[in-house]
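These notes concern the structure reproduced below.
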Number of protein chains: 2
Amino acid sequence: MATVPRPGAHVCGIDAAMDVIGGKWKVLILWALGERPHCRFGELRRLVPGITEKVLAAHLRELEADGIVHREAHQEVPPRVEYALTEAGRHLNAALAPLGVWGRDHVLNR
Amino acid sequence: MATVPRPGAHVCGIDAAMDVIGGKWKVLILWALGERPHCRFGELRRLVPGITEKVLAAHLRELEADGIVHREAHQEVPPRVEYALTEAGRHLNAALAPLGVWGRDHVLNR
DNA sequence: CTGGATCCAAAAAGATACTG
DNA sequence: CAGTATCTTTTTGGATCCAG
């Protein structure tokens, strides 16, 4: 195998995971969906203050493509779309917990 | 309190940690330093294939500022500088482990 | 209400050359 | 050896307007 096998390849599980949660707001979206499952788009926008519609939509599409969130569009007017964590998304949230503890202990409360 | 208290503030430990490990190569640097403590600059560059000197130096300075790595310059010719994880850095690596497992299980081997 | 489309600014990273 | 200095390129996110 080459030192850099192919562009975009991951050398270990950690940087593979980092690609999935690398967006500026993604962990906040995951956290929000963990706290409140089956969130609507506008609800998420309120739960993640400061994010724009465009970026929220983009991140949700990426998370969906990565199998982290499930998107369900109900055929109604006005439109209603609900987002929820998949099984993989819940596992990811659990794997993120120790990192949250570390951040609180070593970065926050200074 | 405002919805976004002040620019750059963190709302939870996870995104605080994400700021620390957010660089493209940082987790690989941490992993290398975990495997091989007391690494020299050129050694690290070889252990993280593809990274440029500029980016490696910049990331090391940021990690040092965040208290993750310790830099020790020996006054010799030719120059010798050694990098090592701090206690916080070792704890961070440990907190990253579950994320690595998740990445292997859900992103790699497809 | 849920976004898509467009344009723009800022940040991050890469290439290359050079120095104590 | 261990970086710094520049310059360019790429990526990311923000602002705004518009549509089904």
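Naming convention: chains lettered A, B, ... in sequence-line order (proteins, then strands); numbering from 1 in each chain.
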Query raised in the report: Linking I/L/V/M/F/W/Y whenever their side-chain heavy atoms sit closer than 4.5 Å, directly or via other members, would B:Val101 and A:Trp102 fall into one cluster?
Result: no
**Report entry** Pair A:Glu82 + A:Arg80, salt bridge at N-O below 4.0 Å
**Finding:** yes
Are there any protein N/O atoms within less than 3.5 Å of an N/O atom in nucleotides 9-13 of chain C, and if so, which ones and at what distance?
unit_1, atom_1, unit_2, atom_2, d
C:dA13, OP1, B:Lys24, N, 2.6
C:dA13, OP2, B:His59, NE2, 3.2

Query raised in the report: Can you check whether A:Arg40's main-chain N or O pairs, donor with acceptor, with A:Glu43's side chain at less than 3.5 Å?
Result: yes
**Report entry** From D:dT4, C:dC1, C:dT2, nucleotide with atom closest to A:Pro78 side chain
**Finding:** C:dC1
Report summary line: Between CG of B:Leu56 and C1' of D:dG3 the distance, given in whole Å, is 10 Å
Query raised in the report: Are B:Trp31 and A:Asp15 close enough that some pair of their side-chain heavy atoms sits under 4.5 Å apart?
Result: no
Query raised in the report: Are the side chain of B:Thr86 and the backbone N or O of B:His70 linked by a donor-acceptor pair below 3.5 Å?
Result: no
Query raised in the report: Choosing from D:dT4, C:dG4, C:dT2, which nucleotide comes nearest the side chain of B:Glu53?
Result: D:dT4
Query - Divergence of helical axes at both termini of the helix from C:dC1-D:dG20 to C:dG20-D:dC1 - five pairs an end, 10° steps - result: 50°
Report summary line: Testing D:dT4, D:dG3, C:dT2 for proximity to the side chain of A:Arg71, the answer is C:dT2
Report task. Step by step, work out the salt bridge (charged side-chain N to carboxylate O under 4.0 Å, His left out) result for B:Arg61 and B:Glu64. Result -> CA-CA 5 Å; B:Arg61 271 186 269 113; B:Glu64 190 189 1; over 6 Å; no
Query - Closest-nucleotide ordering on DNA chain D, the 5'-leading residue of A:Pro79 and A:Ile51 - result: A:Ile51
Requested in this report: Mind calculating the distance between CD (A:Glu72) and C1' (C:dC1) to the nearest angstrom?
Outcome: 17 Å
Query - Test item: B:Arg90 side-chain N/O and B:Leu85 main-chain N/O as donor-acceptor pair under 3.5 Å - result: yes
